[in-house]
Amino acid sequence: MTDLNALIDRLPKAELHLHLEGSLEPELMFEMARRNQVEIPFKTVDEVRAAYEFANLQEFLDIYYVGMNVLITEQDFFDLTWAYLERAHADTVRHVEVFFDPQGHTGRGVAFETVITGITRALAKAEAEWGLTSRLILCFLRHLSEEAAFETLEQAKPYLAQIEAVGLDSSELGHPPSKFERVFAAAAELGLKRVAHAGEEGPPEYVYEALDLLKIDRLDHGNRALEDEALVNRLAGEGMTFTVCPLSNLKLCGVPDLRQHPLKRMLELGLKVTVNSDDPSYFGGYVNENFKQTAVAVGLNEADIIALARNSFTGSFLPQAEIDRRLAEIDALVEAA
Ligand code: HPA
Ligand code: ZN
């Protein structure tokens, strides 16, 4: 198993499912609360960590939205993003496609411009310093209205050069993809790609809606698609990329035990799956930790781990030449081992 860990530590990989606001570590949360004089309902870092016990997605989201209240200035968004990028770089992540939740900030009076300027400044610095490339995905909060999503898309228009795709996150049950069909069509008209969280807690019907109504280019989570054989065959046939987040699924009780996580089964079914950290500060591990714990729990072998790393690039929105360059790096590493 040590060998597998060494392979995971060194393999070039892309992270395709990461909420920037979910990478806010408690230490940084306290620092920002202090400098911005924002009240948070915790006295110590230990108290924050102790609060991170969730029975479902909503229990997590309730704390996630409280935590992000400390983010106020452009520097805060830079610091948040930079802290994540340092962790990703340490995990030999070479490319990231990160989510941000503008409505979690504009709803508190923080300007869209403040958010995106801070984030993109950090992304540019990581590319300049380490060659770590990135794409930005604007997520609509699905518990809010279609009208609010349209307003957010309008606010994004001056920044389209810096936004690759739109996504859909927050409370899934009761907020099916169909609610956002029109806003996703408008985003497509603007040249944006589309991804959506579906089948994390929601039923297979939500995955069908994401495919047929939102016309997604990539599926976030997708676990519950496994309940529908015809859907699995369709997703395998289309080569749809799944951004799976094992430690997230464990913390949010989508699986009772990591040993029962479906990742290995998904690979065996011919699904194009990737491993990601989702909200690493809340769920107990960045991307390599997700690989390592899942490898032990479900019995991934070397070929599985290499396939997952390859999928992370072929499932990314990078141009083909960049994908080929990263795949060649993986091949070189494997041959040298
Ligand atoms: N699911 C849905 N919405 C989210 C998540 C998640 O895991 N993380 C942040 N917003
Ligand atoms: Zn997510």
Side-chain angles (χ1 to χ4, degrees), residues 14-25 29 51-69 71 77 80-81 84 88 96-107 115 119 135-144 148-149 152 165-177 179-180 194-203 206-207 209-210 214 216-225 241-255 261 263 273-287 290 312 315:
E15 179 149 51
L16 305 180
H17 187 147
L18 179 285
H19 301 263
L20 281 174
E21 296 89 344
S23 71
L24 178 60
E25 291 287 346
M29 189 191 294
Y52 292 175
E53 291 294 336
F54 315 110
N56 52 44
L57 174 60
Q58 192 59 50
E59 285 191 12
F60 154 68
L61 289 168
D62 292 343
I63 284 196
Y64 170 78
Y65 294 120
V66 168
M68 70 173 76
N69 283 338
L71 297 161
F77 289 93
L80 168 75
T81 308
Y84 162 66
V96 297
E97 300 192 349
V98 292
F99 300 126
F100 73 120
D101 284 333
Q103 291 163 296
H105 314 300
T106 55
V115 178
I119 292 172
R135 297 290 185 274
L136 196 50
I137 303 174
L138 182 165
C139 280
F140 300 116
L141 298 181
R142 68 201 304 159
H143 67 276
L144 300 180
T152 302
V166 292
L168 190 61
D169 66 1
S170 193
S171 319
E172 187 179 9
L173 292 170
H175 301 285
K179 182 175 165 186
F180 298 95
R194 294 152 313 278
V195 303
H197 285 53
E200 180 184 17
E201 285 189 342
Y206 285 22
V207 178
E209 286 191 9
L214 305 189
I216 53 168
D217 298 285
R218 196 161 67 209
L219 174 58
D220 296 317
H221 295 292
N223 303 36
R224 289 196 59 195
T241 300
F242 287 60
T243 63
V244 177
C245 307
L247 290 178
S248 166
N249 298 150
L250 179 65
K251 282 293 270 189
L252 301 186
C253 304
V255 289
H261 194 280
L263 186 75
V273 286
T274 62
V275 169
N276 307 272
S277 67
D278 207 1
D279 301 280
S281 154
Y282 293 89
F283 300 151
Y286 287 77
V287 68
N290 273 269
S312 74

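Both ligands and their constituent atoms are indexed starting at 1 by order of listing. Computed from a predicted structure; not experimentally measured.
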Colleague: If you round to the nearest 0.5 Å, how far is CE of Met68 from NE2 of His105?
Modeller: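 Between His105 NE2 and Met68 CE, I get 5.5 Å after rounding to 0.5 Å.
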Colleague: Could you check whether any side-chain N or O of Asn290 sits under 3.5 Å from a backbone N or O of Leu247, counting only pairs where one atom can act as donor and the other as acceptor?
Modeller: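 Judged by distance alone, yes, a pair lies under 3.5 Å.
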Colleague: Rounded at 0.5 Å granularity, tell me how far SG in Cys253 sits from CZ in Phe60.
Modeller: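 Nearest 0.5 Å value for the SG-CZ distance: 13.0 Å.
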Colleague: Taking His221's backbone N and O only, do any of them form a donor-acceptor pair with Glu200's side chain (distance below 3.5 Å, no angle check)?
Modeller: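 Not confirmed, Glu200 side chain does not pair with His221 backbone.
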Colleague: Rounded to the nearest 0.5 Å, what's the gap from CG on Leu18 to SG on Cys245? Could you check?
Modeller: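 Atom-to-atom, Leu18:CG and Cys245:SG are 9.0 Å apart.
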Colleague: Strictly distance-based, threshold 3.5 Å: is any side-chain N or O of Asn223 a donor or acceptor partner for the main-chain N or O of Gly199?
Modeller: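 A pair under 3.5 Å: no.
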Colleague: Quick one: are the ring centres of Phe99 and His197 less than 6.0 Å apart?
Modeller: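 Between Phe99 and His197, the centre distance is under 6.0 Å.
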Colleague: With a 4.0 Å heavy-atom cut-off, what residues sit around ligand 1?
Modeller: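 Around ligand 1, where the cutoff is 4.0 Å for heavy atoms, the contacting residues are His19, Leu57, Phe60, Leu61, Tyr64, Asp169, Ser170, His197, Glu200, His221, Asp278, Asp279.
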Colleague: From the options Asp279, Asp278, Asn276, select the one residue that forms a side-chain hydrogen bond (donor to acceptor under 3.5 Å, both in side chains) with His17.
Modeller: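 Of all the options given, the one that passes is Asp278.
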Colleague: So, with waters excluded, how many protein N/O/S atoms does the Zn ion (ligand 2) have closer than 2.8 Å?
Modeller: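 Counting protein N, O and S atoms closer than 2.8 Å to the Zn ion (ligand 2) gives 4.
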Colleague: Does the gap between the ring centers of His143 and Tyr65 come in under 6.0 Å?
Modeller: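 Yes - the distance between ring centres of His143 and Tyr65 falls below the 6.0 Å cut-off.
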